[in-house]
Amino acid sequence: MILSWGSIFAEDKLGDVNTWIDKGCNTYINTNTRKKEGEKRTIQNEMTDILNIGKIFNVEDKAEKIVNNMQSKIDKALKATEGQDKQNVLMVEFLGDEISNYGANSLGGDMITSRWKFSCKRPK
(Lines give C-alpha, C1' and ligand atoms only; values in the text may rest on other atoms or scores of the structure.)
Protein backbone atom coordinates (compact mmCIF):
# COMPACT_ATOMS: atom_id res chain seq x y z
CA MET A 1 0.00 0.00 0.00
CA ILE A 2 1.17 3.50 -0.80
CA LEU A 3 -0.02 6.19 1.62
CA SER A 4 1.01 9.60 0.37
CA TRP A 5 0.25 13.16 -0.55
CA GLY A 6 -1.47 13.49 -3.90
CA SER A 7 1.51 15.32 -5.39
CA ILE A 8 3.64 12.17 -5.12
CA PHE A 9 1.43 10.56 -7.79
CA ALA A 10 2.75 12.94 -10.45
CA GLU A 11 4.32 11.62 -13.65
CA ASP A 12 7.81 12.68 -12.53
CA LYS A 13 7.42 10.83 -9.22
CA LEU A 14 5.35 7.65 -8.71
CA GLY A 15 3.02 8.11 -11.66
CA ASP A 16 -0.76 7.80 -11.77
CA VAL A 17 -2.68 6.21 -8.87
CA ASN A 18 -4.59 3.94 -11.28
CA THR A 19 -1.32 2.42 -12.51
CA TRP A 20 -0.59 1.24 -8.96
CA ILE A 21 -4.13 -0.01 -8.41
CA ASP A 22 -3.94 -1.95 -11.72
CA LYS A 23 -0.75 -3.58 -10.37
CA GLY A 24 -2.62 -4.69 -7.24
CA CYS A 25 -1.10 -2.03 -4.98
CA ASN A 26 -3.69 -0.11 -3.00
CA THR A 27 -3.25 3.61 -2.44
CA TYR A 28 -4.48 6.17 0.06
CA ILE A 29 -4.08 9.88 -0.61
CA ASN A 30 -4.06 12.14 2.44
CA THR A 31 -7.36 14.04 2.62
CA ASN A 32 -5.65 17.40 2.96
CA THR A 33 -4.10 17.01 -0.50
CA ARG A 34 -7.42 16.36 -2.21
CA LYS A 35 -8.83 19.77 -1.37
CA LYS A 36 -10.83 21.78 -3.83
CA GLU A 37 -10.01 25.41 -4.55
CA GLY A 38 -10.65 27.50 -1.44
CA GLU A 39 -11.09 24.55 0.93
CA LYS A 40 -8.99 24.49 4.06
CA ARG A 41 -6.50 21.85 5.06
CA THR A 42 -7.61 20.96 8.57
CA ILE A 43 -6.76 19.03 11.69
CA GLN A 44 -10.15 17.36 11.32
CA ASN A 45 -9.02 15.95 7.95
CA GLU A 46 -5.88 14.57 9.62
CA MET A 47 -8.01 12.91 12.28
CA THR A 48 -10.30 11.46 9.62
CA ASP A 49 -7.25 10.02 7.83
CA ILE A 50 -6.04 8.38 11.04
CA LEU A 51 -9.47 6.82 11.57
CA ASN A 52 -9.60 5.65 7.93
CA ILE A 53 -6.14 4.09 8.15
CA GLY A 54 -7.21 2.40 11.39
CA LYS A 55 -10.18 0.93 9.56
CA ILE A 56 -8.06 -0.18 6.57
CA PHE A 57 -5.58 -2.02 8.82
CA ASN A 58 -8.20 -3.25 11.29
CA VAL A 59 -6.77 -1.27 14.20
CA GLU A 60 -9.71 1.05 14.73
CA ASP A 61 -9.34 1.08 18.52
CA LYS A 62 -5.72 2.25 18.25
CA ALA A 63 -6.69 4.92 15.72
CA GLU A 64 -9.49 6.18 17.96
CA LYS A 65 -7.06 6.32 20.89
CA ILE A 66 -4.69 8.49 18.84
CA VAL A 67 -7.51 10.80 17.72
CA ASN A 68 -8.92 11.02 21.25
CA ASN A 69 -5.46 11.94 22.54
CA MET A 70 -5.13 14.63 19.87
CA GLN A 71 -8.57 16.01 20.73
CA SER A 72 -7.74 16.01 24.43
CA LYS A 73 -4.63 18.10 23.80
CA ILE A 74 -6.58 20.47 21.55
CA ASP A 75 -9.30 20.84 24.19
CA LYS A 76 -6.66 21.55 26.84
CA ALA A 77 -5.06 24.25 24.68
CA LEU A 78 -8.43 25.83 23.87
CA LYS A 79 -9.38 25.88 27.54
CA ALA A 80 -6.03 27.43 28.53
CA THR A 81 -6.53 30.26 26.01
CA GLU A 82 -10.25 30.77 26.58
CA GLY A 83 -11.17 34.43 26.91
CA GLN A 84 -7.75 35.68 25.84
CA ASP A 85 -7.32 38.24 23.10
CA LYS A 86 -6.39 36.95 19.66
CA GLN A 87 -2.71 37.20 18.85
CA ASN A 88 -0.98 38.00 15.58
CA VAL A 89 0.89 34.88 14.54
CA LEU A 90 3.28 34.00 11.75
CA MET A 91 4.09 30.34 11.08
CA VAL A 92 7.13 29.65 8.94
CA GLU A 93 9.03 26.54 7.93
CA PHE A 94 12.66 26.43 6.87
CA LEU A 95 13.03 24.26 3.76
CA GLY A 96 16.75 24.09 3.12
CA ASP A 97 17.73 27.51 1.78
CA GLU A 98 14.11 28.67 1.48
CA ILE A 99 11.47 29.79 3.95
CA SER A 100 7.77 28.98 3.52
CA ASN A 101 4.88 30.61 5.35
CA TYR A 102 1.46 29.15 6.06
CA GLY A 103 -1.82 30.92 5.38
CA ALA A 104 -5.21 30.44 7.02
CA ASN A 105 -6.22 27.65 4.58
CA SER A 106 -3.14 25.54 5.39
CA LEU A 107 -2.97 22.84 8.05
CA GLY A 108 -0.69 25.10 10.11
CA GLY A 109 -3.14 27.95 9.70
CA ASP A 110 -5.99 25.73 10.87
CA MET A 111 -3.96 24.74 13.93
CA ILE A 112 -3.60 28.41 14.83
CA THR A 113 -7.06 29.76 14.00
CA SER A 114 -9.52 26.96 14.75
CA ARG A 115 -11.98 26.86 17.57
CA TRP A 116 -13.79 23.72 16.36
CA LYS A 117 -14.78 20.55 18.13
CA PHE A 118 -14.36 17.21 16.45
CA SER A 119 -16.20 14.19 17.74
CA CYS A 120 -14.35 10.95 17.23
CA LYS A 121 -16.59 8.78 15.07
CA ARG A 122 -15.59 5.83 12.98
CA PRO A 123 -15.76 6.52 9.25
CA LYS A 124 -18.34 4.56 7.30
Side-chain angles (χ1 to χ4, degrees):
M1 177 178 185
I2 301 172
L3 183 143
S4 180
W5 284 86
S7 60
I8 297 300
F9 291 102
E11 285 305 315
D12 62 338
K13 295 189 175 121
L14 291 179
D16 187 67
V17 170
N18 292 321
T19 301
W20 290 100
I21 294 170
D22 291 345
K23 292 178 182 180
C25 181
N26 292 322
T27 61
Y28 185 93
I29 298 175
N30 179 291
T31 304
N32 276 328
T33 68
R34 296 183 301 203
K35 69 181 194 121
K36 295 177 184 167
E37 186 66 32
E39 286 184 343
K40 290 185 173 187
R41 291 185 166 132
T42 66
I43 298 168
Q44 183 171 349
N45 288 343
E46 295 295 315
M47 291 179 171
T48 298
D49 285 339
I50 292 167
L51 294 173
N52 286 339
I53 297 300
K55 186 173 184 177
I56 290 167
F57 289 104
N58 199 29
V59 289
E60 293 172 83
D61 291 341
K62 289 180 181 181
E64 286 180 5
K65 185 175 180 180
I66 291 168
V67 168
N68 287 337
N69 185 41
M70 290 170 68
Q71 186 63 58
S72 175
K73 289 179 181 182
I74 292 167
D75 290 344
K76 184 177 178 182
L78 290 174
K79 186 173 182 176
T81 60
E82 197 171 90
Q84 293 183 11
D85 292 336
K86 288 185 177 182
Q87 302 294 310
N88 291 322
V89 177
L90 173 65
M91 180 182 278
V92 297
E93 179 178 11
F94 294 91
L95 303 167
D97 293 336
E98 297 183 17
I99 299 174
S100 179
N101 67 321
Y102 292 86
N105 288 341
S106 70
L107 180 58
D110 186 59
M111 293 168 70
I112 293 168
T113 61
S114 288
R115 289 257 177 220
W116 50 264
K117 295 291 180 182
F118 179 76
S119 60
C120 176
K121 294 182 181 175
R122 290 184 176 179
K124 294 181 180 182

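In this chain, residues are counted from 1 in sequence order.
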Using a 4.5 Å cut-off on heavy atoms from C-beta on, say whether the side chain of [Y] contacts that of [X].
X   : Y   : value
I66 : M70 : yes
K62 : F57 : no
E82 : L78 : no
E11 : D16 : yes
L51 : E64 : yes
N30 : R41 : no

Out of curiosity, [X] [atom1] to [Y] [atom2], how far, rounded to the nearest 0.5 Å?
X   : Y   : atom1 : atom2 : result
N69 : I74 : CG    : CD1   : 10.0 Å
K65 : D61 : NZ    : CG    : 10.0 Å
W20 : I2  : CH2   : CD1   : 4.5 Å
N32 : I43 : CG    : CD1   : 9.5 Å
M1  : T27 : CE    : OG1   : 7.0 Å
N58 : E60 : CG    : CD    : 6.5 Å

Following the transitive rule for hydrophobic clusters with a side-chain heavy-atom cut-off under 4.5 Å over Ile, Leu, Val, Met, Phe, Trp and Tyr, establish whether L90 and F94 coincide in one cluster.
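Linked within one cluster.
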Test L3 against every option in I29, N52, I53, I8 by the side chain to side chain contact (heavy atoms under 4.5 Å, CB included) rule and name the one that passes.
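Of I29, N52, I53, I8, side chain to side chain contact (heavy atoms under 4.5 Å, CB included) with L3 is met by I53 alone.
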Is it the case that more than 12 heavy atoms not belonging to D12 sit under 6.0 Å from its CG atom?
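More than 12 heavy atoms, drawn from other residues, nucleotides or ligands, come within 6.0 Å of this atom.
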Shortest non-hydrogen contact from G54 to A63?
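So the two residues come closest at CA-CB, 3.7 Å.
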Main-chain N/O of N45 paired with T42 side-chain donor or acceptor, under 3.5 Å
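Indeed, once roles are kept as given, a pair shorter than 3.5 Å links the two residues.
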Under a 3.5 Å distance rule, please check whether S72 uses its side chain to pair with a backbone N or O of N68 as donor and acceptor.
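Absent.
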